[in-house]
Protein chains: 2
Amino acid sequence: MSEESDEKKRKFDSQEQEVYLSLWRTYDRLKGLEEELFQSWELTSQQYNVLRILQAAAPRPVPTLQISTRLISRAPDITRMLDRLGERGLVGRVRSQEDRRTVLVEITPQGLELLEKLQEPVKSLHISQVGHLSQADRTALCRLLQKTRKPHEPSDGHW
Amino acid sequence: MSEESDEKKRKFDSQEQEVYLSLWRTYDRLKGLEEELFQSWELTSQQYNVLRILQAAAPRPVPTLQISTRLISRAPDITRMLDRLGERGLVGRVRSQEDRRTVLVEITPQGLELLEKLQEPVKSLHISQVGHLSQADRTALCRLLQKTRKPHEPSDGHW
DNA sequence: AGACAATAGTTGTTTAGACGACTACTATAG
DNA sequence: CTATAGTAGTCGTCTAAACAACTATTGTCT
């Protein structure tokens, strides 16, 4: 997070900082493209992630907190996120009979339909984001990213 | 963004997607550590980034929009961000005489003092984030991240 | 069986990101 | 010189992240 007034003189406090800030910046630039795409469908990336999780689980419903653990980024307000998806008819919710604390969530046919429509645009998005890298670079990057986050992942994580 | 109900069966739609989601996930995990640190100082990473930009420019003040262009992540509400920093006495603002549309921002002695206090904790943070990587891995990762974001950077960008 | 701890989800509230409209000012064209 | 376009920052407003308190339910212990 060091920005010099003289831009010829970019300097980081440490290499570790350089790594982290590069990561932040790179993600931020790519995220912008994603947001642009999802915006035209009135979706956020978190909502899309939820729908994909439910799609993968279909036809089985998923408990609310289990969705949370599977999300890429934590969602402290999962209840209202699901409220909003529910209001659009993209997900359905029902309280479990086995454990009445638990709410089971499933994707609706309307939700599946939306994902179907988004399939190609999302595929194109990712290509526009990182398609310029060679396959070797992509592989190496994935490996390094995985190595980077590994100590920071929960032990029972899905990543 | 594909999460399988059967976690043994992680599958991405494409390698490009895998890259992007790895990036998102990795950043998110590391960001969590950063937020934890800054929280105890009642700062956000964006605010810290602003302070660092101003520190680097000191004693010269920086026009508001120039701060924006130098931030790692865009700040659509820079005005109010600076309001909040100003209320804490960390930055000062004055309208430029040369061009009265422009507000010049500078870091206060109090702001510099805060950055001084944060220097060691921030250094330790970055080490805890990525210190487990070898130097070669860190170098490679930086190179790949730079390559990844390059087509997505503004042409007059600072990155 | 009852008491208490743990769990799942919900709700109240605050905060900051984000968009777009607005005000004031400067630059440019005729 | 005047009118208009462009620029810088501010303000109104909406949305979702985020924390913490709360309610209801289940699990555990005695």
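Numbered from 1 within each chain, the chains take letters A, B, ... in sequence-line order. Reckoned from all heavy atoms, side chains included, excluding hydrogens, waters and symmetry mates.
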By the 4.0 Å heavy-atom rule, please label B/T79 as base, sugar-phosphate, or nothing. base
Could you check whether any side-chain heavy atom of A/K31 comes within less than 4.5 Å of a side-chain heavy atom of B/Y27, counting everything from C-beta outward? no
Specify the residue among A/Q97 and A/S73 whose closest nucleotide of DNA chain D lies further upstream toward the 5′ end. A/S73
Side-chain touch B/R29/A/T148, heavy atoms, less than 4.5 angstrom: no
Atom CG of B/L104 and atom P of D/dT10: how far apart are they, to the nearest Å? 11 Å
A/K31 atom NZ is separated from C/dG17 atom P, nearest whole Å, by 10 Å
Mind calculating the distance between CG (A/L65) and C1' (D/dT25) to the nearest angstrom? 13 Å
Quickly work out the B/Q39 CD to C/dA16 C1' distance and round it to whole Å. 14 Å
Between CZ of A/R95 and C1' of C/dT7 the distance, given in whole Å, is 12 Å
Shortest non-hydrogen contact from A/V62 toward A/A57: CG2-CB, 3.4 Å
Is any side-chain nitrogen or oxygen of B/T64 closer than 4.0 Å to OP1 or OP2 of D/dG9? yes
Just do the salt bridge (charged side-chain N to carboxylate O under 4.0 Å, His left out) check on B/E18 and A/R138 with the steps written out, would you? CA-CA 9 Å; B/E18 183 180 358; A/R138 295 200 291 261; over 6 Å; no
Rounded to whole angstroms, how far apart are CZ on A/F38 and P on C/dA18? 16 Å
Listed pairs, N/O of protein and of nucleotides 22-24 of chain D, under 3.5 Å:
none

Smallest heavy-atom separation, B/L71 atom then A/R25 atom, equals O-NH1, 3.2 Å
Min side-chain heavy-atom separation A/L23-A/L145 under 4.5 Å: yes
How close or far is atom P of D/dG9 from atom CZ of B/R93, stated in whole angstroms? 10 Å
With a 3.5 Å cut-off and no angle check, do the side chains of B/E34 and A/Y20 form a donor-acceptor pair? yes
Would A/V105 end up clustered with A/L112 when hydrophobic side chains under 4.5 Å apart are linked, directly or stepwise? yes
Round to a whole Å and report the spacing from CD of B/E98 to C1' of C/dA27. 16 Å
Is the shortest side-chain heavy-atom distance between A/T139 and B/Q15 below 4.5 Å? yes
Tabulated below should be each protein N or O lying under 3.5 Å from an N or O of nucleotides 14-17 of chain D; please produce it.
unit_1	atom_1	unit_2	atom_2	d
D/dA16	OP2	A/R84	NE	3.4

